[in-house]
Each structure stands twice: as C-alpha cells, then as structure tokens.
Amino acid sequence: MIFFMDTRLIAKNATALGVSGILAKAITAVVGIFVTRYLGPGPFGDYSTAYAFVGTIILFSELGISQLMVQEGSRNAAVLPKYFGNTLAFKSSAAILCYLCMLIFMFFAGYSPTVKAMIVILGVAVSFNALNQSVYNYYQAIQKMYLAAGFQFLTTLLIAILTIGVILTGLGVVAITVTHLVSYILISILIYLALKGKVKPQVEAHSIPTMVKKGLPFGIHRIFYNIFFQLSILVLSLTATNVEVGIYSAAYKLVLMLVFLPSLMTSAIYPALYQLGESDQARHQDTIEKIFKVLSAIGIAGSVLIFILAAPLVEWLYAGKFNESIPILMIVSWFFALECMSFSLGDVLTTTNRQWQRTIVQGSALLLLFILIMILNPYLGVYGAAYALIIVEIYIFSGYYFLVRRGVYKIRIWRQLPLIFLASALMAGTAWISKGWNPLISSALAGIVFCTVLIALDHDFRKIGGYAFGQIRKLSKK
C-alpha cells in the first residue's frame with residue numbers, strides 16, 4: 001500500500017509543513033499584533049471588516065474542485081493533469097465573478113470610503129491567491145507539500161516585510177492592503193516559473209461541471225467552515241461601530257492565530273487517511289483517536305492559558321490600547337479547545353466519504369451562529385457574538401460526535417481526556433501563580449508543567465516527547 005511505501009515522504013511533508021507553517025504563523029502573528037497596535041481600534045475595525053468581506057466572497061471561487069483533485073489525484077495520479085487543468089480554468093473564471101460581486105455588494109453594505117478602497121485592492125489580491133492555493137492542492141495530491149510549504153512561507157515573509165515597511169513609513173491602513181496584492185502577484189509569477197515545462201495541465205471543459213458537482217460536498221463545507229470564522233466580524237461590521245469591531249477583532253484574532261494547528265497537523269496524513277478509510281477501518285479509527293488525543297491536549301492547554309493570562313496578554317501585546325478586549329478574549333479562548341476537539345471528528349466524516357454529513361453540520365452551525373448573534377447582540381453588544389461563537393462550536397462538536405458514533409465506528413475519545421484535564425489544571429495553577437510575570441515567561445513555565453505531566457503519565461505523549469527531544473539533539477549537533 002502507498003501508506004507504507006510513502007512513510008518517509010509523509011514524514012518529510014509533515015516536517016516541512018510543520019516548520020514552515022509554525023514559522024509563517026509566528027511571523028503573521030507578530031506582524032498582525034504590530035498592525036493592530038499601529039492602527040488602533042477604529043482603523044483596525046475597518047481593516048478587519050475589509051478582510052472578512054473579501055475573504056468570505058472569494059470562498060465561492062472554489063466549490064470543492066481543488067479538494068476533489070487532492071482526493072482523486074492521491075488515489076490515481078493519471079487523472080491529475082485533467083483535474084489540475086480544469087481546476088485552474090474554473091477558478092480563474094469564478095474568481096473574476098467573485099471580484100465583481102465584491103464591487104457590487106460593498107455599496108449595498110454601506111461601508112465607508114476607506115473600507116471600499118481596501119475591498120477593491122484586496123479583492124484582486126485574494127483572487128490571485130485563490131489560484132495559488134490550487135497549485136498548493138496539486139502539490140498535496142502528489143505528496144510534495146514541502147514545495148507548497150516553501151511558497152506559502154515566502155508569501156508570508158513578503159507580506160511581513162512590506163507591511164513593516166508601511167508601518168515604519170507611517171502610511172495608512174489602505175497601504176497595508178497593497179502589500180498583500182504585491183506579494184500574491186509576485187508569488188503567482190514564481191509559481192508559474194516553477195511549474196513551466198514540468199506540469200502540463202489539460203483542460204476538458206465538458207468535464208468541469210461533473211467535477212464541480214462531485215466537489216460540492218467539499219466546497220460547500222469549506223465555504224461554511226471558513227464563513228463561520230468570519231461571520232461574527234461580518235455581522236458586527238453591519239451592526240456595530242468600527243471601534244467595536246476593532247475591539248472584538250483584536251481578541252478574536254488572537255485565538256484565530258492558533259486555529260491553523262489542527263489542519264497543519266493532519267494535512268500531511270490526509271492521503272493515508274483517505275486510503276485507510278476505504279481499506280482498513282480499524283487502523284483508521286486508531287489513527288483518528290491518537291490525533292484526537294494530541295489535538296485535545298493542544299487545544300485545552302491553549303485555551304486554559306489564554307483564559308488565565310488574558311489580561312496581562314492583551315495589555316502586553318497591544319500596549320494598553322485594547323484593554324476592553326480582555327473579557328472578550330476570556331470568552332472566545334474556549335473556541336480553540338472546542339475547534340481542536342471537533343476537527344478530528346470531522347475528519348472521520350471527510351475521509352470515509354461522508355462529507356455531506358459534515359457539510360450539513362457546518363451549514364446548520366452557520367445559520368445558528370447568525371441567529372444567536374442577532375438575538376444576543378442587542379442585549380450583550382459585542383459580547384453576544386463571543387458567547388454565540390462558543391455555543392455554536394459546542395453544537396458542532398456534539399454533531400460530529402453523534403454522526404461518527406452512529407454511522408462510522410464507536411470512537412473512544414472520553415478516555416483520552418482525564419489525564420489532559422489533570423495536566424491542564426496543574427498548568428492553570430502554575431499560570432495563575434506566575435500571572436504577575438511577563439506572559440511569555442508565565443506561559444513557558446506553565447507549558448513545561450503541562451508537558452511534563454503528560455510525558456510522565458502517558459505512553460503516546462512519552463513517545464512524542466522522546467522523538468522531539470531526539471530531533472532537538474540532532475539539530476544541536478549540526
């Protein structure tokens with residue numbers, strides 16, 4: 001089986017994705033914090049609004065055709081040229097239509113001239129990036145995610161350098177959006193040069209509708225999933241002031257900086273999970289349960305730390321400009337734990353050809369989130385959006401768990417949690433005692449306590465710790 005033959009390649013991909021992903025997210029986080037501090041609540045609210053708006057509409061350029069390419073291409077490499085060519089052709093046309101929709105809808109939304117200017121620029125930028133993402137999906141299908149990781153890291157680095165330049169020169173919020181446009185266009189050129197002469201995409205226009213139809217389960221879920229992250233900001237942009245949007249976004253985006261971890265940790269093994277989903281359900285279940293254990297540990301630990309250290313964290317990161325974001329951060333901190341715990345359960349549905357079930361849960365969750373925000377906001381203000389987010393994430397976890405237990409296999413997850421809760425409680429105590437220190441020092445100390453407990457008391461975490469320690473020793477000898 002390919003699962004056994006490509007173990008080294010999977011490890012190479014996982015390492016590349018892990019290292020580049022963490023570095024890229026770290027750079028994005030640092031630059032994002034500088035941007036937030038530089039702009040202040042009002043302009044940052046405009047900035048968040050523009051990104052939520054274009055980020056939502058460009059999702060409709062995908063419709064699952066790229067993910068279908070990954071699934072089918074990982075199973076049969078012979079179909080890749082056709083799937084890749086059709087994907088690029090379809091997404092080019094769809095991206096243009098999405099951009100036109102952005103230009104039309106921004107007037108009905110009643111946004112300020114500043115937000116409209118950012119939408120015009122960002123719309124072009126995300127259209128280029130949508131095509132770049134399809135190339136990354138192609139690399140995923142041929143299990144060369146390390147190439148995609150390289151391009152994605154370079155994109156992040158370019159945006160970071162240009163954005164810091166904007167901040168240092170004192171330019172306005174619109175100039176920050178230009179950095180994304182320039183970066184995405186440059187990366188598109190580099191990708192074209194890298195693929196030229198090596199890949200020959202084939203366009204079969206008559207088969208595109210069939211591909212879109214088959215990809216819809218992936219596409220609709222992806223649309224629902226990503227709109228879910230943006231919806232609270234999008235609704236607030238229509239019902240609250242830009243200052244309120246900025247205060248909410250400053251807290252919420254701190255948590256969103258961590259949400260990439262579940263997908264980062266599982267993307268390298270997706271081809272293997274698809275294969276196991278068809279050939280070996282027992283091993284598929286065992287793999288998923290181990291993934292759930294690791295993701296739950298990461299998510300619960302992260303949420304506990306953010307909750308305990310919310311006040312010193314916000315004051316330190318934002319230089320006292322967003323202290324009103326502290327209680328919001330304490331609420332939305334639990335979003336990370338719930339997202340990590342539900343992610344692997346959703347992957348069970350995806351990799352066992354039950355994508356529509358995952359889509360139904362995510363779609364109903366999106367509707368529920370909108371309803372709750374509209375109900376709670378008049379009474380609780382921006383806090384209503386935060387509470388609605390947590391309630392709906394609990395609904396998603398419960399829905400996935402019910403569907404997996406009923407229709408796939410009797411997954412065993414609850415036995416994974418007691419030790420994690422114990423380690424988290426000890427970590428929380430450590431963080432509380434050291435709360436007066438710098439939040440980085442307090443987090444590091446609490447994290448050491450958490451990891452020590454897990455490694456000492458659990459075989460799987462002991463193996464992970466041993467592997468990590470071995471890699472560090474190898475690096476130190478070089």
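For the numbers below, each heavy atom of this structure counts, side chains included, while hydrogens, waters and symmetry mates do not.
Within the 4.5 Å cutoff, the side chain of Val135 has no heavy atoms near those of the Asn132 side chain. When side chains are defined from C-beta on, Asp458 counts as touching Lys293, because their heavy atoms get closer than 4.5 Å. Residues Lys253 and Ser48 are in side-chain contact: their nearest non-hydrogen atoms beyond the backbone lie under 4.5 Å apart. Counting heavy atoms from C-beta outward, Asp347 and Ile291 have side chains that stay 4.5 Å or more apart. Using a 4.5 Å cut-off on side-chain heavy atoms (C-beta onward), Val54 and Met118 make no contact. Side-chain contact check for Met102 versus Lys116: every heavy-atom pair is 4.5 Å or farther apart. Between Thr49 and Asn242 the shortest side-chain heavy-atom distance does not fall below 4.5 Å. With a 4.5 Å cut-off on side-chain heavy atoms, Glu244 and Leu236 do not count as touching.
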Met69 and Asn86: side-chain contact (heavy atoms from CB on, under 4.5 Å), yes or no, with the steps?
CA-CA 10 Å; Met69 175 180 67; Asn86 285 352; over 6 Å; no
For Ile33 and Val30, run side-chain contact (heavy atoms from CB on, under 4.5 Å): C-alpha distance rounded to whole Å, both residues' side-chain angles, the deciding distance at 0.1 Å, then the answer.
CA-CA 5 Å; Ile33 290 166; Val30 171; 5.8 Å; no
Between Tyr184 and Val124, is the side-chain contact (heavy atoms from CB on, under 4.5 Å) condition met? List the steps.
CA-CA 9 Å; Tyr184 288 140; Val124 179; over 6 Å; no
Step by step, would you call Leu131 with Ser188 a side-chain contact (heavy atoms from CB on, under 4.5 Å)?
CA-CA 8 Å; Leu131 294 177; Ser188 295; 5.9 Å; no
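Annotation: ring-ring contact (aromatic ring centres under 6.0 Å, His included) contacts of Tyr99 (sequence neighbours excluded): none. Not counting sequence neighbours, Asn129 has no partner by the side-chain hydrogen bond (donor to acceptor under 3.5 Å, both in side chains) test. The side-chain hydrogen bond (donor to acceptor under 3.5 Å, both in side chains) test applied to Arg37 returns no partner, not counting sequence neighbours. For the ring-ring contact (aromatic ring centres under 6.0 Å, His included) test, no residue two or more places apart in sequence or in another chain qualifies with Phe450. Shown here are the ring-ring contact (aromatic ring centres under 6.0 Å, His included) partners of Tyr248, two or more places apart in sequence or in another chain: Tyr252. Contacts of Tyr318 classified as ring-ring contact (aromatic ring centres under 6.0 Å, His included), with partners at least two apart in sequence or in another chain: Phe322. Residues passing the side-chain contact (heavy atoms from CB on, under 4.5 Å) test with Glu324, sequence neighbours excluded: Ile247. Partners of Tyr395 by side-chain hydrogen bond (donor to acceptor under 3.5 Å, both in side chains), not counting sequence neighbours, listed by chain and number: Ser364. Taking the side-chain hydrogen bond (donor to acceptor under 3.5 Å, both in side chains) definition, one finds that Thr430 meets it with nothing, sequence neighbours left out.
With hydrogens and angles disregarded, no donor-acceptor distance shorter than 3.5 Å links the side chain of Ser344 to the backbone of Cys340. In this structure a side-chain-to-backbone donor-acceptor pair under 3.5 Å is missing from Ser303 to Ile300. Within the 3.5 Å criterion, the main-chain N or O of Met330 finds a donor-acceptor partner in the side chain of Ser333.
Annotation: side chain to side chain donor-acceptor pair (under 3.5 Å) contacts involving residues 374-389, sequence neighbours excluded, are absent. Sorted by first and then second residue, the salt bridge (charged side-chain N to carboxylate O under 4.0 Å, His left out) pairs with a member in residues 89-100 read Glu62-Lys91; sequence neighbours excluded. Note on residues 364-377: no pairs pass salt bridge (charged side-chain N to carboxylate O under 4.0 Å, His left out), not counting sequence neighbours.
Each of Val243, Val115, Leu39 was scored for a side-chain contact (heavy atoms from CB on, under 4.5 Å) with Asp46, with one residue passing: Val115. Residue Phe307 forms a ring pair (Phe, Tyr, Trp, His ring centres under 6.0 Å) with just one option from Phe335, Trp334, Phe336, and that option is Trp334.
The neighbour count for Phe34 CZ, taken as heavy atoms of other residues, nucleotides or ligands under 6.0 Å away, does not exceed 12. Shown here is Trp432, whose CH2 atom has no more than 12 heavy atoms of other residues, nucleotides or ligands within 6.0 Å. Around the OH atom of Tyr38, the shell of radius 6.0 Å holds more than 12 heavy atoms that belong to other residues, nucleotides or ligands. With a 6.0 Å radius and a threshold of 12 heavy atoms from other residues, nucleotides or ligands, Lys435 has its NZ atom above the threshold.
Here the OG atom belonging to Ser232 is positioned 12.5 Å from the CD1 atom belonging to Ile227, to the nearest 0.5 angstrom. In this structure, CG on Leu369 lies 10.0 Å from CD on Gln362, to the nearest 0.5 angstrom. We find the CD1-CG distance between Ile360 and Leu403 to be 8.5 Å, quoted to the nearest 0.5 Å. Taking CD1 of Ile27 as the reference point, atom OG1 of Thr155 lies at 11.5 Å (rounded to 0.5 Å). Once rounded to the nearest 0.5 Å, the distance linking CD1 of Ile441 with OG of Ser443 reads 10.0 Å. How far CD of Glu315 is from OG of Ser325: 11.5 Å, rounded to the nearest 0.5 Å.
Shown here for Val166 and Gly172, the closest heavy-atom pair between the two residues is CG1-O, 4.1 Å. The two residues Ile58 and Cys98 make their nearest non-hydrogen contact at CD1-CB, 4.1 Å. The two residues Phe44 and Gly246 make their nearest non-hydrogen contact at CD2-O, 3.7 Å. Closest approach of Val304 to Ser424, counting heavy atoms only: CG1-O, 4.0 Å. Residues Ser342 and Glu393 come closest through the heavy atom pair OG-OE2, 3.3 Å. In terms of heavy-atom proximity, Ser127 sits nearest to Ala95 at OG-O, 3.8 Å.
Defined by atom type and a distance below 3.5 Å, a donor-acceptor pair is present between the side-chain atoms of Ser237 and Tyr111.
Between Tyr47 and Tyr51, the ring-plane angle classifies as tilted under the 30° and 60° cut-offs.
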